[in-house]
Amino acid sequence: MLPQTAPHTLNATGVLISWLQCSGCGAGLENMDCLRLHKKRANKDPLFLTGVTFPSEYPDSRDSLVKLTVYDAKNKSQESGSFLGSATFSIGDLLRAKDGRLTLSLRSSDGVCTAGTAVVSHLKMGEMEEAHHIATDTSSQKCPSACEPADPSCILREDDALTGPVFRNPVCKVYRFQTMDSKWMLVREQMEECTLSFTIPKQLLALYIQEDQSRLQNLEELGELSPHWDNLRKEVVTRYGGIINSYQETLAELEKMSGSFKPSCCKAQKSLEFIPINLHTQRMRVTCPQKTDALYDIITVGAPAAHFQGFKCGGLQRLLSRYETEKKSFSTAYQCIYYSPQHTAKAQEVLSTVSLLQPLITALADQLLQAALEHSSPGLKEALKSLSDKTEHFVHTLKDELVKSALLALHAARPGYVSRSQRQTPVLGQGGDHSHSPVQGLPGHSPTTPATESPVVGNNVGGEDGGSLKHQDSIPHHKEYDEEEWDRVWANVAKCLNCVIAVVDKLLEGGNSKQEAGAEQQLADVITSHNPAGDWREQLSPPVSRLKECVMNVVEKAKRAMTFVLLQEAVCSIPQGFHLQQRRDVVFSQALAALACGFVMKLYAGLQDKDFLRQLHLVGLVAQFESLLSTYSEEIGMLEDMEVGISDLQKVVFRITEAKAEDLGELQPSVCGRRDHFTVEVPLPQVIFQSLPEEIKGGKPLRVFPVLFNVGINEQQTIAERFGDISLQERINQKNFEVLEAYYKTLREKLPLECLPCFQTHADIKELLETLGQNVVTKKRKNVEILWIAGTICRRLNGIRFTSCKSAKDRTSMSVTLEQCSLLRDEHQLSKDFFVRALDCMRREGCRIENVEKNIRCRKYAFNILQLMAFPKCYRPPEGTYGKVDS
């Protein structure tokens, strides 16, 4: 008795083939890659190929038995039919058969009558065969054939040692298609999950928590504030505490999970809201006779959006625009200065930069002293150069009016502060000193902004008299506060550096050359006459110590000033701003996980390509996101989220590092940074890392240029185009076309176009851009040519391709399969007679239907016939592959 598993059924021209797997023991056969089952009929219908996969509980061996059953499928849309015949054979019989082909007689149910014959053959993966190896009559071949590898180990994976830690659970489908010259190409689809779906969001959550905890600490270090500002600070601290607790709970839940894939049915699950939906890589390898294999990669992912939070009030783009308008009125109500998003970003940048540079300057100063102790002239020169560069960068960062005005505002928030208007009320109308309002120097106000339009800075003494302040006295002035103090403080850093440089120069000269009188006077308090000429460290220590003290003093003042700016911004954000920050964190997490997945896949594929590596460090890569969302109902909110999330990826750079150990676990990419700037580090094994260009090995940041193009294709888009508003889609496409055009201009200036990939179709990139620009401004319903041209340009520019819809399952599958068949037609001469059949075959039996089953446990695309009537024809799945399902 043969143990049976659930039959696997496939339709092909009225014939339904099913197989049952059988008992057998022994080691697996390394050379058995896949089985092909052929059914030949007298009317010369096309060959039908399919594959057999042996699950782990049924190890394949030479003694394993396979039962082949053939049905007559009256209705191809149903997986049922009348029994025709069956045959049983062993793996050993197949391997011993001449030419690897086994002819079987199909027996009827009574085991007597012969129902026909079937041919079973063994195909080694990657092996190219001529047409006569399959059938003697190739003229009858009208549709593509498909086969599936029998074992995951047979899949040819590029750089398996690299991909193992990042990509897993491969699904592979193999096809043979006829070319226009009547030859055969072998096409392999491979779809994999990506571990970065979970590892990147978990690292981001940890960084968010760390950043918010640091902000809480900075708020505490502001010192004593007036009752008004102290109460506001407490409220902000409470809000941050709530976010931190929420993120810690989410991170704890994610740490319990070990998966690498979030199905579409979980898109609104709270604990998984930071995880991208249905993130997969898909690679198509094409092997043609006497030609080099070609690879085409694409990343599929559900639209980065806050599904758990919902879209009742729209998405991020709309919410942020509304929030910025409301924040101006909040600033007046809370007696704060209104800071524009640019100034808030500047404050975060200053905080981040000084926190990074201060320990670097301290370490370099110590390194300089060590070189002096060793009397090493080369060491002194090298350390001094690095110290000078970092200190100059430090000074340049702090030379900003934002810091100066924020220090003044902070001074006014101290207890007991009395504003100038309160001290000088009797003489407010006298003289011309008050004709020019100091508030014009504050952030958020241009020098020509009328004083009457400026927000009020409150008195801050108990918050009682804020409403009585005049606008022209918005900037606080205090008789005990020197407004020029800040200029002197940061300028002292530069003076101390000059003093260090002068001492080093004197030491390097050996103390023999005479200095000019001015220089000697400047160094008189540093180099005393009783110091021995040879004691370099003792002579260099005083100016270095003063430099470190000045830097520390500046850092403390700058951190307080910028923290107060962010406090005012946070006060104006209560509560909407905190909700928006959480929403933005969620969307960015999903987008970054997808981008990191695409970057790593592209990098691994291009490690041997010198032109690609050159492009990578000279210009960077374009990351083109294709979206199929409609501009109607909830999906318009998803698109608004996605637009902001993709745009925020501009804050991300990549850096290639050398793995610390040979362990595969060390090859997992990592994220560092804060919300205004993140770096993704991608480790490579030592041997591979050493072969990279010096710029990349030196840690040069590698940029990515994200662009988003959207064209809705479903029935909701039909409603939007006829009765609604598609301006969001038009604006997105126009804006990102300009980004793509600017990228091409930069690339052309820095890199010869010969370094880009070669394609069979010789359309010029410039011409493609012109065509894309025309399509972007053309008023045409469901103009999917925008997506096709943008995708083509991305591949020509060696970019990273992404395709998204709501769940990356249904519309995405139609797009990916269409793109793959278009590439086969345009680049590999797929026969025109094969195009539609190849498309239907991929959609019916390829990786994408497997993706659907992974998500909803059903091999049906979530479309109905009415919906499909609104779809462009080339995006419609074959009959029998769609229906009403829970997605």
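Numbers here are sequence positions counted from 1.
For the residue pair Glu770 and Gln774, no side-chain donor N or O sits within less than 3.5 Å of a side-chain acceptor on the partner. When only modelled atom types and interatomic distance are considered, Gln309 and Gln582 share no side-chain donor-acceptor pair under 3.5 Å. For the 3.5 Å distance criterion, the side chains of Gln178 and Ser831 fail to qualify, holding no donor opposite an acceptor. A side-chain donor-acceptor contact under 3.5 Å links Gln581 and Asp585. Using a 3.5 Å distance cut-off with no hydrogens or angles, the side chains of Gln650 and Ser647 do pair a donor with an acceptor.
Taking 4.5 Å as the limit, some side-chain heavy atom of Asp648 sits within range of a side-chain heavy atom of Val644. In this structure, Gln717 and Thr631 have side chains that are in contact, with non-hydrogen atoms separated by less than 4.5 Å. Contact annotation: the side chain of Thr746 never approaches that of Phe705 to less than 4.5 Å [non-hydrogen atoms, C-beta and beyond]. Between Pro201 and Pro276 the shortest side-chain heavy-atom distance falls below 4.5 Å. Inter-residue side-chain proximity for Phe167 and Thr281 is flagged as met; some heavy-atom pair is nearer than 4.5 Å. Contact check for Phe654 versus Leu603: no side-chain heavy atoms found under the 4.5 Å cut-off.
Cys847 and Met191 make their closest contact through O-CE, 3.5 Å (heavy atoms, listed as atom of the first residue, atom of the second, distance). The nearest pair of heavy atoms linking His828 to Met185 is O-CE, 3.2 Å. Smallest separation of non-hydrogen atoms from Lys782 and Ile713: NZ-O, 3.3 Å. For the pair Val301 and Ala594, the tightest heavy-atom approach, listed with the atom from each and the gap, is CG1-CB, 4.1 Å. In plain terms, the two heavy atoms of Phe737 and Val776 that are nearest each other are CB-CG2, 4.4 Å. Shown here for Tyr875 and Met814, the closest heavy-atom pair between the two residues is O-CG, 3.2 Å.
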So Glu640 and Arg322, salt bridge (Lys or Arg N to Asp or Glu O under 4.0 Å) or not? Walk me through it. CA-CA 13 Å; Glu640 289 171 340; Arg322 186 185 306 155; over 6 Å; no
Checking Cys821 against Leu839 for the side chain to side chain contact (heavy atoms under 4.5 Å, CB included) test, could you report, in this order, the C-alpha distance in whole Å, the side-chain angles of both residues, the deciding distance, and whether it holds? CA-CA 6 Å; Cys821 287; Leu839 190 58; 3.9 Å; yes
Test side chain to side chain contact (heavy atoms under 4.5 Å, CB included) on Lys735 and Leu708; report intermediate values, then the result. CA-CA 9 Å; Lys735 175 184 175 182; Leu708 169 65; over 6 Å; no
Run the side chain to side chain contact (heavy atoms under 4.5 Å, CB included) check on Met869 and Glu715 step by step: do they pass? CA-CA 8 Å; Met869 289 174 64; Glu715 78 287 354; over 6 Å; no
Apply side chain to side chain contact (heavy atoms under 4.5 Å, CB included) to residues Lys602 and Asn798 and explain how you reach the verdict. CA-CA 9 Å; Lys602 188 72 177 178; Asn798 226 349; 3.1 Å; yes
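With Phe588 as the aromatic partner, Lys651 meets the cation-pi criteria of under 6.0 angstrom to the ring centre and within 45 degrees of the ring axis.
Of the residues Ile277, Thr195, Asn855, the one that meets the side chain to side chain contact (heavy atoms under 4.5 Å, CB included) test with Phe261 is Asn855.
Around the OH atom of Tyr632, the shell of radius 6.0 Å holds no more than 12 heavy atoms that belong to other residues, nucleotides or ligands. Crowding of Arg318 atom CZ: a count of heavy atoms from other residues, nucleotides or ligands under 6.0 Å exceeding 12. Sparse packing is recorded around CZ of Arg857, with 12 or fewer heavy atoms of other residues, nucleotides or ligands lying under 6.0 Å away.
Using a 30° and 60° split on the angle between ring planes, Phe274 and Tyr208 fall in the tilted class, from 30° to 60°. Aromatic ring pairs are classed by plane angle as parallel below 30°, tilted from 30° to 60° and perpendicular above 60°; the pair Phe311 and His307 is perpendicular.
Ionic pairing of Glu827 and Arg795 is not present here: no N-O contact between side-chain nitrogen and carboxylate oxygen is shorter than 4.0 angstrom. Of the charged side-chain nitrogens involved, none lies within less than 4.0 Å of a carboxylate oxygen, so that Lys267 and Glu273 do not count as a salt-bridged pair. Salt-bridge annotation for Lys173 and Glu189: absent, with no side-chain N of the basic residue lying under 4.0 Å from a carboxylate O of the acidic one.
No donor-acceptor pair under 3.5 Å is formed between the side chain of Asn710 and the backbone N or O of Asn733.
Aromatic ring centres of Tyr861 and Tyr882: separated by at least 6.0 Å.
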